Each structure stands twice: as C-alpha cells, then as structure tokens.
2 protein chains.
Amino acid sequence: MKKYFGILRKCSLFDQIEDQHLIAMLSCLGARRAEFDKKYTIFAEGSPARYFGILLSGSAQIIRHDYYGNRSIVSGVVPGELFGEAFACAGEQTLPVSVVANEPCEVLLVDSTHVLHTCSNGCEFHRRMIYNLMRDMARKNIMVYSKLEITGKRSTREKILAYLAHMEQQTGKAEFDIPFDRQELADYLEVDRSGLSAEISKLKREGIIDCRKNHFVLL
Amino acid sequence: MKKYFGILRKCSLFDQIEDQHLIAMLSCLGARRAEFDKKYTIFAEGSPARYFGILLSGSAQIIRHDYYGNRSIVSGVVPGELFGEAFACAGEQTLPVSVVANEPCEVLLVDSTHVLHTCSNGCEFHRRMIYNLMRDMARKNIMVYSKLEITGKRSTREKILAYLAHMEQQTGKAEFDIPFDRQELADYLEVDRSGLSAEISKLKREGIIDCRKNHFVLL
DNA sequence: TAAAGTCTGTTGAATTTTCAACAAAAGGAG
DNA sequence: CTCCTTTTGTTGAAAATTCAACAGACTTTA
C-alpha cells in the first residue's frame, strides 16, 4: 500500500495525518484497492451508496443518464479526489449517479460507516478525518454550485466562456488543458455537440480564445 | 430563546440533542438572533462567509446575479433549515451567492468556527453536532445534484416536468404548492418567464397537469 | 502501412427559446 | 370600493439551439 502514499498524502481526507498513522487507519477503515479498465463502471446509478472511493490513479467521471439515455457529465475525478462520499454520508440513499473509469483506474474503496463511527480501536485520528471529510464535502458543495453557475447560463457561448473562466481561475493560468473531449464538454455544459463546436470556432475567429484539441488559451 | 425550540428541534444540526442541552449549546455557539424584512439581504454575495444561518421563521431564497443582473434562484430556504453552512465550513471563502428574505424572517446566526472547533467547555455534544452538520452537508450536496438534474434538461417542458416530478417525490403527493411565483420558477429553472407560462398552459391543455397559481396537480 | 473506427467541424432545416410588448387578472393600499 | 401595482398569460418576430448528415482529421488496430 505504501506505493500510494504519494497520492494519499494529497487526499483531503488525510490532511495533517502522518504516514505512520495512515497504514493503521486504512485497515481501520476497511479500505480495499480495486482496479477498473477504461469505460468500466466503478459505481452504478441505483446501487446502494455504502462505500465511497478515493481515486489512486487514472481518471473517472461522474455521470448520469436520463430516460432517453442522454448522458450528462456532472464532474471529472482526478487522482487523490474522493467520489461518492456525499451519497455515502447522507445515509439510506442509493446512488443517483454513476462513476465511470475514463481510463484504467485504481481506486481505494472505503466503507463510509467506518469513517463516520469511531473505530473500536478508538484511534484519535478519526476526529481529524471527520473534520477533513466535512471540509471536503463543503468544498464539493461549492464546486457543484460552480457547475450550477456555468450550466445555468442561457446560451452555449456564455456556458463556454463561464467554463473557461472557471478553469482559468482554478488553474491560475490563461492557458490550460480541459479534461473533456468535445462530446464530453457538451455533455458537461448540457448543450448540443455540433452547436458547441460551431460556437468554439466562432470564438476562435473572433480572437477571444484559441484552442487546439483540448488545450485552450484565453486571449 | 425558548420560543424557538419547536423549530430548533426540527433543525438537522440539533438532531438527537435534547432541549436541556440546547440552551447551553446555543450560547456556546455564539448564536445570535436577527430579523430581516421582506426583500432584505441576509447574506450578501462577496461578503466573508464566517457565519451560517438557521432560519427560524419566514422564508428566504439563495440567489445569484450574473454580470447582466439576471437573477438565478439556487434554492429556497424554509424554517429549520441551515443556509450558508457549506461556505462557512469550506473556510477562507467569500460567499458566491446571496441569501434574501422572501418575507419577514427571523434567523439565528452561528459562528462556524464555534461549531467546527470543540468549545472550551469541552461539551460532548459537539461531536454529535459535527456529525449532524456533516450529514446536513451531504444532503445539501444531493439536493444540489437534484437541481443540476432538473436544470440540466434541455427544454423548458422537460425542466418543468422534472421539477414537478421532484416535488411529487419530495412531498409524496401528486398535489402540492410550489414555493415560487412564475418569475421565480423561471429563475430557478433558468428559462424565460413568458416561455414558462406558455409551456405550463400547454401542459394544462394537454391534460398532463393542472394548476392554479402556485398549486400544482399531476394528472 | 493500410484499414477501420472515432472525433471534430460544418452546414441547412426544423424546432425552441428568447425578447418585447401588451392586456387581463389578482393583490394591496388608501 | 377604487386606484395602483404586481403578476400572469398571450402573441409574433428574432435569435439560438437542436438535429441529422457528411467530410476531413486523427487514432487505433491488425
């Protein structure tokens, strides 16, 4: 498990918890490692939400399908991030979303009840971890609000610009890669793919942005 | 403060905490009561997010304005609910939204740092409260996901139906009042008001729903 | 390297949404 | 009760989005 310490140290759940305690905690949490190939479903919509995940490597997406099979991408997941924790912590819920591997993934599955209730060993790091988990959820909350702000825009153009502005703010740079291809970006922004492509071309012609594939520059 | 016990008992933050401990806790939290008239801003977008609120009476809305002043309603707040807690718990944030009184309101303002850090009295109910707060945030998270699902629909018609289905599920009844007037519903669903009215009329003509003002029936 | 498959940009037509303006209905104030 | 204000429904025109179809660019696989 030691090979994952680099990632786990960056995971907000273990903030200010030292390596020496990590191993004990992981077993205490009943954490187990799992692998998923590209396109595989890590968590399936509708299944019980007892476990949450920590992405160790690869990348994943949180998605939802409506009655007609239209895909909507809620967010991407990068290594070190938690996923599904809100559903696990709310209790008595089934998952309203799926989590799908975007490329081969390694994940750590954690039983949420082990986090929420102090372990029988009475280890004192639980308190820290619960605090960390709370802050993580607060931040996730804010992230979802951001998405609401982006997809709440009325036009495709405004959605694109709001998304790019958000990425600029998050990376601190006017030049960055986005984690989506065109279809995925469309599914994230809740717009039509061809309309999205057309609008991106227009923004390029107007000299507002530049991009090549998934690399964008704000001018 | 005793007159508010009825409401506070329903507040998720105080789940399983008995009345006798409540008074001590409230002072321990540095909670203070405040009143706001209709249309008054309880929390302003951009201001520091140190306090969160508990609505004691009245009703409020969490809203956001974009550059052009377009209003977007993120959610409504009813008595007993917390608001602003995610922003306060994420730390180092300013509010990305405003909270506005929809009618005369009484609120309890709570200093988030008092909740997150065990009080000097070392009262044991903090643990329970932190647990409650975490579950509250997890649920809020899920609520925002629901909103994302509703507003993520591509057409006005689908948004209306998704919203009404959500209300039906939440109330458990096919007949209910919605907490919005037409303009507010439009701002919540992120659509044009006149288009919304037109679509509601159409749904009525088609015999899919019935409504009078803000009372809706799913047929 | 060639072939097959996927992703992206373009286009035009059909559909929808937005916008602006107005009139009817409902609610509130005096 | 009447006047005034706010809310709601309707309409038509303008603008934007979606849809379907296709061609070229890029990837992957055999």
Side-chain angles (χ1 to χ4, degrees), chain A residues 37-39 59 61 66-73 100 102-104 150-164 177-206 208-216, chain B residues 37-39 61 66-73 100 102-104 150-163 177-206 208-216:
Chain A
D37 278 338
K38 182 171 179 168
K39 303 287 177 195
S59 68
Q61 294 179 335
D66 68 10
Y67 337 107
Y68 289 101
N70 295 315
R71 175 178 69 170
S72 170
I73 296 180
V100 175
N102 210 31
E103 47 185 319
I150 292 168
T151 59
K153 301 287 182 214
R154 299 297 224 279
S155 67
T156 299
R157 163 179 281 246
E158 281 185 301
K159 288 183 185 184
I160 296 168
L161 291 175
Y163 174 67
L164 294 178
D177 290 335
I178 67 171
F180 301 127
D181 63 29
R182 291 291 183 275
Q183 181 63 62
E184 289 170 337
L185 181 57
D187 290 343
Y188 178 84
L189 298 178
E190 322 272 16
V191 298
D192 179 68
R193 181 197 61 77
S194 67
L196 174 70
S197 272
E199 198 62 44
I200 287 176
S201 300
K202 201 167 152 199
L203 287 167
K204 280 165 80 171
R205 276 199 305 279
E206 294 175 13
I208 296 173
I209 67 171
D210 193 21
C211 73
R212 235 175 68 78
K213 301 197 48 178
N214 65 340
H215 185 80
F216 282 75
Chain B
D37 278 340
K38 182 172 179 167
K39 302 288 176 196
Q61 292 179 337
D66 68 10
Y67 337 106
Y68 289 101
N70 296 315
R71 175 178 68 169
S72 170
I73 297 180
V100 175
N102 209 32
E103 47 186 319
I150 293 167
T151 60
K153 300 286 183 220
R154 300 295 224 279
S155 67
T156 299
R157 182 191 191 88
E158 280 185 301
K159 289 184 185 185
I160 296 169
L161 291 174
Y163 174 67
D177 290 335
I178 67 171
F180 301 125
D181 62 29
R182 290 291 182 275
Q183 180 63 62
E184 289 171 336
L185 181 57
D187 290 342
Y188 178 84
L189 297 179
E190 323 271 16
V191 297
D192 179 69
R193 181 198 60 78
S194 68
L196 175 70
S197 271
E199 197 64 43
I200 287 176
S201 300
K202 201 168 152 198
L203 286 167
K204 279 165 80 171
R205 276 199 306 278
E206 294 176 12
I208 297 173
I209 66 170
D210 193 21
C211 74
R212 237 175 66 80
K213 302 200 48 183
N214 65 341
H215 185 80
F216 283 75

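Throughout, a chain's letter reflects where its sequence line sits, starting with A, and its residues are numbered from 1. Fair warning: this is a prediction, and the values are worked out from it, not measured in the lab.
Between A/Lys38 and A/Asn102, the shortest heavy-atom distance links the atoms CG-O, 3.5 Å. When all heavy atoms of B/Ile208 and B/Arg157 are compared, the closest pair comes out as CD1-NH2, 3.4 Å. In this structure, B/Lys159 and B/Lys153 approach most closely via the heavy-atom pair CE-O, 3.0 Å. Contact between A/Ile150 and A/Tyr188 at its shortest, heavy atoms only, is CD1-OH, 4.4 Å. Closest non-hydrogen pair, B/Glu184 versus B/Phe180, comes out as OE1-CA, 3.4 Å. Shortest non-hydrogen contact noted between B/Cys211 and B/Arg182 is SG-NH2, 3.6 Å.
Interatomic distance, CD1 of B/Ile160 versus CG of B/Leu203, reported as 5.5 Å (0.5 Å rounding). Atom CD1 of residue B/Ile73 and atom OG1 of residue B/Thr151 lie 13.0 Å apart, to the nearest 0.5 angstrom. For the atom pair CG (A/Leu185) and OH (A/Tyr163), the distance works out to 6.0 Å, reported to the nearest 0.5 Å. Interatomic distance, CG of A/Asp210 versus CD1 of A/Ile200, reported as 11.5 Å (0.5 Å rounding). The line from CG of B/Leu161 to CD of B/Glu199 is 8.0 Å long, rounded to the nearest 0.5 Å.
Distance CG (B/Leu196) to C1' (C/dT17): 12 Å, rounded to an integer number of Å. Nucleotide C/dG9 holds its P atom 11 Å from the CD1 atom of A/Ile160, rounded to whole Å. Note: CG (B/Asn70) to P (C/dT18) measures 11 Å, nearest angstrom. Put simply, CD1 on A/Ile200 is 9 Å from P on C/dT8, counting in whole angstrom units. What separates CZ of B/Arg182 from P of C/dA25 is a distance of 16 Å, to the nearest Å. Look at CG on A/Leu203: it is 16 Å from C1' on C/dT8, rounded to the nearest Å. A straight line from CG of B/Leu189 to P of C/dT17 spans 12 Å, rounded to a whole angstrom. Here C/dG28 presents its C1' atom at 14 Å from NZ of B/Lys39, a figure rounded to the nearest Å.
Looking at heavy-atom distances under 4.0 Å, A/Asp181 makes contact with sugar-phosphate atoms alone, never a base. At the heavy-atom level, B/Ser201 lies under 4.0 Å from the strands shown only through sugar-phosphate atoms.
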Give the intermediate values and the outcome of side chain to side chain contact (heavy atoms under 4.5 Å, CB included) for residues B/Asp37 and B/Lys39. CA-CA 6 Å; B/Asp37 278 340; B/Lys39 302 288 176 196; over 6 Å; no
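Comparing B/Val191 and A/Lys202, the nucleotide of DNA chain C nearest to each residue sits closer to the 5' end for A/Lys202.
Listed nucleotides C/dT10, C/dC19, C/dT17 differ in distance to A/Ser194; the shortest reach to its side chain belongs to C/dT10. For B/Arg193, the listed nucleotide lying nearest its side chain is C/dA21; candidates were C/dA21, C/dT18, C/dG9. Between C/dA21, C/dT18, C/dT17, one nucleotide has an atom nearer to the side chain of B/Ser155 than all others, and that is C/dT17.
Summary of helix geometry: the two end axes of the helix from C/dT1-D/dA30 to C/dG30-D/dC1, each defined by five base pairs via their C1' atoms, are inclined to each other by 50° (rounded to 10°).
Within a heavy-atom distance below 4.0 Å of DNA chain C, no residue of residues 208-215 of chain A is found.
When DNA chain D is scanned 5' to 3' for any atom under 4.0 Å from a heavy atom of chain B, the first and last hits are D/dT8 to D/dT18.
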